[in-house]
Undergrad: 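Please find one structure pasted underneath; my questions will follow.
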Amino acid sequence: MSQEKLIRMANQIAAFFAVQRGDQAEAVAAHISESWAAPMRAALLTHIAEGGTGLDALVIAAAPQIRPPG
Amino acid sequence: MKDLIIPPLEWTKDMGTPARQGAPVTLTVDGIAITVPAGTSVMRAAAEAGVTIPKLCATDSVEPVGSCRLCMVEIEGMRGTPSSCTTPVAEGMQVQTQTAKLQKLRRGVMELYISDHPLDCLTCAANGDCELQDMAGAVGLREVRYQPVETHFRPREGAGPNPRYIPKDTSNPYFSYDPAKCIVCMRCVRACEEVQGTFALTIEGRGFETRISPAAESFMQSDCVSCGACVQACPTATLIEKSVEAIGTPERSVVTTCAYCGVGCSFEAQMRGEELVRMVPFKGGGANRGHSCVKGRFAYGYATHRDRIVHPMIRERVSDPWREVSWEEALAFTAARLTAARDTHGPDALGVITSSRCTNEETYLVQKLARAVFGTNNTDTCARVCHSPTGYGLKQTFGTSAGTQDFDSVEATDLALVIGANPTDGHPVFASRLRKRLRAGAKLIVLDPRRIDLLETPHLGESWHLPLRPGTNVAVLVAMAHVIVTEGLYDAAFIAARCDAEEWADYAEFVASPDYAPEAVEPLTGVRAETIRAAARAYAAAPNAAIYYGLGVTEHSQGSTTVIAIANLAMMTGNIGRPGVGVNPLRGQNNVQGSCDMGSFPHELPGYRHVADDLARAVFEKAWGVELSSEPGLRIPNMLDAAVAGRFKALYIQGEDILQSDPDTRHVAAGLAAMECVIVQDLFLNETANYAHVFLPGSTFLEKDGTFTNAERRINRVRRVMRPKAGYADWEVTQLLANAMGATWSYTHPSEIMDEIAATTPGFASVSYDLLDARGSVQWPCNEAAPEGSPIMHVDGFVRGKGRFIRTAYLPTEEKTGPRFPLLLTTGRILSQYNVGAQTRRTDNQLWHDEDRLEIHPADAEVRGLREGDWVRLSSRAGETSLRATITDRVSPGVVYTTFHHPDTQANVVTTDNSDWATNCPEYKVTAVQVAASNGPSSWQEEYAAQAAAARRIEAAE
């Protein structure tokens, strides 16, 4: 899957939760953990580990709470 | 094969006049005491007492007019012989239906009718199914004293042509109109007005010259939408199905469910042997109450079309021609390829796509194949591209991924808010039911970029059209909420009792922001602030306001947010939990609801339980005897992405044509081309099959047993009326494939699959074929808590507990117009065609719509030098295609619109890979495009046509 598409999808999710009350990073992490397949989460976490260029700060903040793939 | 068992009287018998609601009234009919609601006609009361009064102009689908005078009765204390169809019952009334006087009068009436009617009964298509014939018998007509002088039925009178003779109109492909046989009972005119709501038929002339007219040269040139209501209402052969003319009258009738849209109409498949004579809408059908549209009623010819593939086919490479093989060879080949892909690349390199056009039982088996046999959660369904945001949004707010009402609920609606849906074309039978209510005074708000036909409902009362710019649904809905909150129009009592107080307070504060004032969003949405204010006030003020929405809501980057905004609007005005209100998604395909219920989504097991939920997984691990993965699988677009990346190798697609129906065709083609094994199971060599290695012939809804679940959560039976042309029903093929891969499934009938569903899925716990046979249908949840099913949900409280308000910020889509692509393209359906057209294009429905056209506003057309019917090039950043233009002010300036029923149009070459943030539902409804004059099809279309022709070659049989 193209990195660009993953980044866009993650940022879209972050944009929705950025206006919600409560722990936004937790909500983003929960949504990604629930609906993304393991290879997608792995690709995202790798990208974040490599600096997370292009990702919303909220996605990066959510990273530690995203369910580890596999 | 089994016919419906002992249906209630009302489901099949013509009771003469419509049912009424009212206080009980007791009367006697021929000495039989009967109690009926006040307002009921004497005719209907008699029918309920088991007495059939002769009649011609009355039928229970329309209001009585009392014109034929055949139904007269004698009532003690009443003068003369009143017509029983127009006389309401009264307490203590004593009715005589048969006396010497009545008999004589009725014979006289019949003599007059017969004197101007051809006596060609033996060669008439309605022979044996003609009410005029029946009534002649019932009244004991033995002679006709009147000799016809002037008639309407003789082509010639004396030496010359008969000026009163009107030749038969055969212009409609499905039924004929023979004025010579007409008795002017006006049932057809009333059916067109009252049942369908089109007003295509009228009465011309007076006295002996009175004629029925389509008010045009012919039926095909008239406003007629070919719903069939007039044909059904006609007591003679005047309006009759051409199939009955060609075949003869049916010998038996089996109740089944239409395989088209999400309304899920019940039909009687009327058969002669294994030949389908006609489909007649079933009065006992809970969704349609005896009505139909041109698709379900008439467009079933695809089932026997010569394009049907009835032998399995395989090929090594997609560049090879197809080779017809036995089922054994096809399944062995398929199982070997799938097993090899799994062994080499792991289970997650395999996947399935279930179909919303297949039954619940078939869908359940396909996802079970993925989970239990392949060993992966890579299962998805076409609901991904239509209503996945509905599932997400309603589950988050209400706790259940489904609409809240039944269709009967519309009869109690005072205001309908229709958002991003075009019911007269997409959900025609529901539209007729809504129009009936609109004619009775209900108000209408339409939120749609296009002026849909519903806004032109005859006798429509107060209505508002909010012609918003595509992509601004959330802004308009939050602006409506802003008005309701800031003007104090919300239902504080409902909110206090039923919703989370803190979340409500937060949402109220959020929408009250001046940023969401109608005046502030007007520049974004293009909708005048005062119109938004008026609509919001009307919605909040209506005693019962219902929201009906379609894909114009879901197919956006903010699709899920829009669904949440809709749910919020309904909660804040207390429009949940009783008849006449609610949030009603109009589902695209017949079994979208069902395919989602059955666990087709990659993250959810049947019953919407997450795959990471250990308890839910344990239920299925026990039932299936395998260990299940707790990892969510890939969605359709993710599968294609993974295939392009080389990580996804094999896909089993049942009853879906993703190459045509999914966005960004080039990307779909690239994904399919990258796979090692693509298995398509379908009726026809669809577009996706061009990239397939295995083709497994499918079965139509007429060839199998099963159930469909419609938009109102109603589980309806599908009943087999003929043997599968390819030898197996679809569920049998899936079972054979599973067993070829080592499983040991042993279902012998779909009822056993339903039993497994009931045993594992709480909402279906009490569902069984015995229950469905006895009750006709049932709406889930149907279990110990709701043994009769649940017509309306969230009656005493939300399924999740407290209703949850969630903030819905408007975020503009990334798909923006600019100098290169200055127009916004949005898409929709038309009445006569259905989705990718695989079925309807193989019927005479082509006569209404044989190509997709681009609707463009006159101002946009003028600056581009376009005239009506010109070829235009439609281009976006994803691709370009060509089609012909239609110039209309139905669309606003800056917006263009097209349908997507024809594969050569390739509308999805243009749509992009933008998608809903929560569910990846594609953003079909917003694409920035440019339109320019063109000479004809684009090079992509020509290349595509060549590739498709090559891919469809079948090796000559040896």
Side-chain angles (χ1 to χ4, degrees), chain A, chain B residues 346 348-349 351 376-378 388 392 396 474 502-503 505-507 509-510 557-558 560-561 564 601-604 610-613 629-635 637-648 667 671 805-814 913-920:
Chain A
M1 182 161 326
S2 82
Q3 205 78 317
E4 182 203 339
K5 221 180 246 184
L6 277 185
I7 293 168
R8 183 167 15 134
M9 283 164 58
N11 287 348
Q12 275 183 292
I13 293 166
F16 178 83
F17 289 106
V19 300
Q20 305 301 336
R21 302 184 322 145
D23 187 338
Q24 297 166 351
E26 190 188 340
V28 170
H31 188 87
I32 289 176
S33 302
E34 274 170 29
S35 56
W36 284 26
M40 293 164 64
R41 301 201 307 274
L44 179 72
L45 292 173
T46 307
H47 182 69
I48 291 171
E50 288 165 1
T53 318
L55 281 173
D56 193 291
L58 188 51
V59 179
I60 293 169
Q65 297 178 76
I66 292 175
R67 180 183 173 190
Chain B
D348 290 332
T376 175
N377 282 317
N378 289 339
S388 49
Y392 179 82
Q396 293 297 318
V474 172
E502 218 175 293
E503 282 161 349
D506 174 68
Y507 193 66
E509 188 189 331
F510 170 76
S557 60
Q558 280 205 290
S560 293
T561 316
I564 293 169
F601 286 140
H603 64 296
E604 283 172 340
H610 200 273
V611 292
D613 174 349
S629 166
S630 67
E631 272 290 348
L634 295 165
R635 300 166 173 174
N638 311 143
M639 289 182 199
L640 296 165
D641 292 337
V644 171
R647 291 196 310 270
F648 188 84
H667 182 64
F805 285 95
I806 302 173
R807 287 189 186 184
T808 50
Y810 166 66
L811 301 168
T813 166
E814 290 173 24
D913 62 358
N914 283 347
S915 67
D916 172 49
W917 69 268
T919 67
N920 284 137

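Please read these numbers as outputs of a predicted model, since none were measured by experiment. Each chain gets a letter, A, B and so on, in the order the sequences are listed, and its residues count up from 1. Computed over heavy atoms, backbone and side chain alike; hydrogens, waters and symmetry mates excluded.
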Undergrad: Work out which heavy atom in Gln12(A) is nearest to a heavy atom in Asp916(B); give both atom names and the distance.
TA: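 Shortest heavy-atom contact: NE2-C, 4.4 Å.
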Undergrad: For Thr919(B), is it the side chain, the backbone, both or neither that has a heavy atom under 4.5 Å from a heavy atom of chain A?
TA: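 Neither part, no heavy atoms under 4.5 Å.
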Undergrad: Could you tell me the separation between the CD atom of Glu604(B) and the OG atom of Ser35(A), rounded to the nearest 0.5 Å?
TA: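 Output value for this atom pair is 10.0 Å.
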Undergrad: Looking only at heavy atoms, which two atoms of Glu631(B) and Ala37(A) are closest? And how far apart?
TA: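 Residues Glu631(B) and Ala37(A), closest heavy atoms: OE1-C, 4.5 Å.
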Undergrad: Is Glu503(B) close to chain A through its backbone or its side chain, or both, or neither, when contacts mean heavy atoms under 4.5 Å?
TA: both
Undergrad: Compare every heavy atom of Gln20(A) with every heavy atom of Arg807(B), then report the nearest pair and how far apart it is.
TA: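 Heavy-atom minimum between the residues: O-NE2, 2.8 Å.
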Undergrad: Can you check whether Met9(A) reaches Pro637(B) side chain to side chain, under 4.5 Å on heavy atoms?
TA: no
Undergrad: Checking heavy atoms, do the side chain of Ser629(B), its backbone, both or neither come under 4.5 Å from chain A?
TA: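 Neither part; nothing is under 4.5 Å.
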Undergrad: Is it the side chain or the backbone of Leu640(B) that comes within 4.5 Å of chain A heavy atoms, both, or neither?
TA: neither
Undergrad: Would you call the rings of Trp917(B) and Phe16(A) parallel, tilted or perpendicular if under 30° counts as parallel and over 60° as perpendicular?
TA: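 Aromatic pair Trp917(B)/Phe16(A) classed parallel.
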Undergrad: Flag the one option from Asn920(B), Val644(B), Asn378(B) with the top tally of heavy-atom pairs under 4.5 Å to chain A.
TA: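 If we count pairs closer than 4.5 Å to chain A, Asn920(B) comes out on top.
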Undergrad: With a 4.5 angstrom heavy-atom cut-off, is it the side chain or the backbone of Asn914(B) that approaches chain A, or both, or neither?
TA: both
Undergrad: Given a strict heavy-atom distance threshold of 4.5 Å, which part of Asp913(B) is in contact with chain A: side chain, backbone, both, or neither?
TA: both
Undergrad: What are the two closest heavy atoms between Pro632(B) and Arg67(A), and how far apart are they?
TA: CD-NH1, 3.9 Å
Undergrad: Flag the one option from Ser557(B), Ala918(B), Ala643(B), Ser560(B) with the top tally of heavy-atom pairs under 4.5 Å to chain A.
TA: Ala918(B)
Undergrad: With a 4.5 Å cut-off on heavy-atom pairs, point out which of His603(B), His610(B), Glu814(B) contacts chain A the most.
TA: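 Option with the top pair count is His610(B).
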Undergrad: In terms of heavy-atom proximity below 4.5 Å to chain A, should Glu502(B) be classed as side chain, backbone, both, or neither?
TA: both
Undergrad: For Tyr392(B), is it the side chain, the backbone, both, or neither that has a heavy atom closer than 4.5 Å to a heavy atom of chain A?
TA: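 Contact with chain A involves the side chain of Tyr392(B) alone.
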Undergrad: Against chain A, work out which of Ala809(B), Gly633(B), Ala612(B), Ser630(B) has the most heavy-atom pairs shorter than 4.5 Å and name it.
TA: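 Most heavy-atom pairs under 4.5 Å with chain A: Ser630(B).
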